[in-house]
Amino acid sequence: MERGRLPGGGDQPVTATHGKYLTLTLRIILGWVFLCAGGLKIAEPVAFAGSVAAYKLLPTFGNYLVAATLPWVEVLCGLLLIIGYRVRAGTTLVLLMNLVFAVAIISAIVRGLDIDCGCFRQGGPKTSPWIALLRDLALIAGTVVLLWLDNHRIETPAAS
């Protein structure tokens, strides 16, 4: 029994196979992005604290607290998505993190701060805030689609 359609309103109904492969692909992409991003930040916590501080949103203690905890949450979410365990929880956390990241980047753009987003590289060439924002919006779109697919799981008809 069909219960959904492909995102974008196409004429082709979502089949169990389409949904399964799209869900798997999105899980692996999102999981890999967060696993890598978190792992790189874990390797350079002081540099990441500096990236967080550049946003000028938190007191010094908050910058170090975020730098010490956020990468581990990113790695955990990435692993959950990749292995397919607690996918809804992992996807929801990824969505919330990306929303916070997008707001922080927009805040930096509005305030005219010339900073690196701190997303992946610590101390390397700067990523444009606009590129970082577009990347976050793409990740938000991926998480929304993944949550939508999870809410509209296709049930295969029972064998007669």
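For the single chain, residues carry numbers from 1 onward in sequence order.
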Rounded to the nearest 0.5 Å, what separates atom [atom1] in [X] from atom [atom2] in [Y]?
{"X": "Asp116", "Y": "Ser51", "atom1": "CG", "atom2": "OG", "value": "5.5 Å"}
{"X": "Leu26", "Y": "Leu149", "atom1": "CG", "atom2": "CG", "value": "7.0 Å"}
{"X": "Cys117", "Y": "Lys126", "atom1": "SG", "atom2": "NZ", "value": "11.0 Å"}
{"X": "Thr92", "Y": "Leu147", "atom1": "OG1", "atom2": "CG", "value": "5.0 Å"}
{"X": "Leu30", "Y": "Ile140", "atom1": "CG", "atom2": "CD1", "value": "11.0 Å"}
{"X": "Arg86", "Y": "Cys77", "atom1": "CZ", "atom2": "SG", "value": "13.0 Å"}

Minimal non-hydrogen separation, [X] against [Y], with atom names:
{"X": "Ala54", "Y": "Leu113", "answer": "O-CD1, 3.6 Å"}
{"X": "Leu81", "Y": "Leu146", "answer": "CD2-CD2, 4.2 Å"}
{"X": "Ile82", "Y": "Gly31", "answer": "CD1-C, 3.7 Å"}
{"X": "Cys119", "Y": "Ala37", "answer": "O-CB, 3.6 Å"}

N/O donor-acceptor pairs under 3.5 Å from side chains in residues 96-111, not counting sequence neighbours:
from, atom 1, to, atom 2, distance (Å)
Asn98, ND2, Val94, O, 3.1
Ser107, OG, Arg111, NE, 3.0
Ser107, OG, Arg111, NH2, 3.1
Arg111, NE, Ser107, O, 3.2
Arg111, NH1, Tyr55, O, 3.2
Arg111, NH2, Tyr55, O, 2.5

Tell me, do Thr23 and Lys20 make a side-chain contact under 4.5 Å, heavy atoms counted?
->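 SC-SC contact between Thr23 and Lys20 ruled out.
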So do Val75 and Lys41 actually touch side chain to side chain, heavy atoms under 4.5 Å?
->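 No, side chains not in contact.
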Applying a strict under-4.5 Å side-chain criterion to I, L, V, M, F, W and Y, I'd like to know whether [X] and [Y] cluster together.
{"X": "Trp32", "Y": "Ile83", "answer": "no"}
{"X": "Val145", "Y": "Leu139", "answer": "yes"}
{"X": "Leu65", "Y": "Leu76", "answer": "no"}
{"X": "Phe34", "Y": "Val66", "answer": "yes"}
{"X": "Leu40", "Y": "Phe48", "answer": "yes"}

For the pair Leu35 and Leu79, evaluate side chain to side chain contact (heavy atoms under 4.5 Å, CB included) and give the outcome as yes or no after the intermediate values.
-> CA-CA 7 Å; Leu35 186 64; Leu79 288 173; 3.9 Å; yes
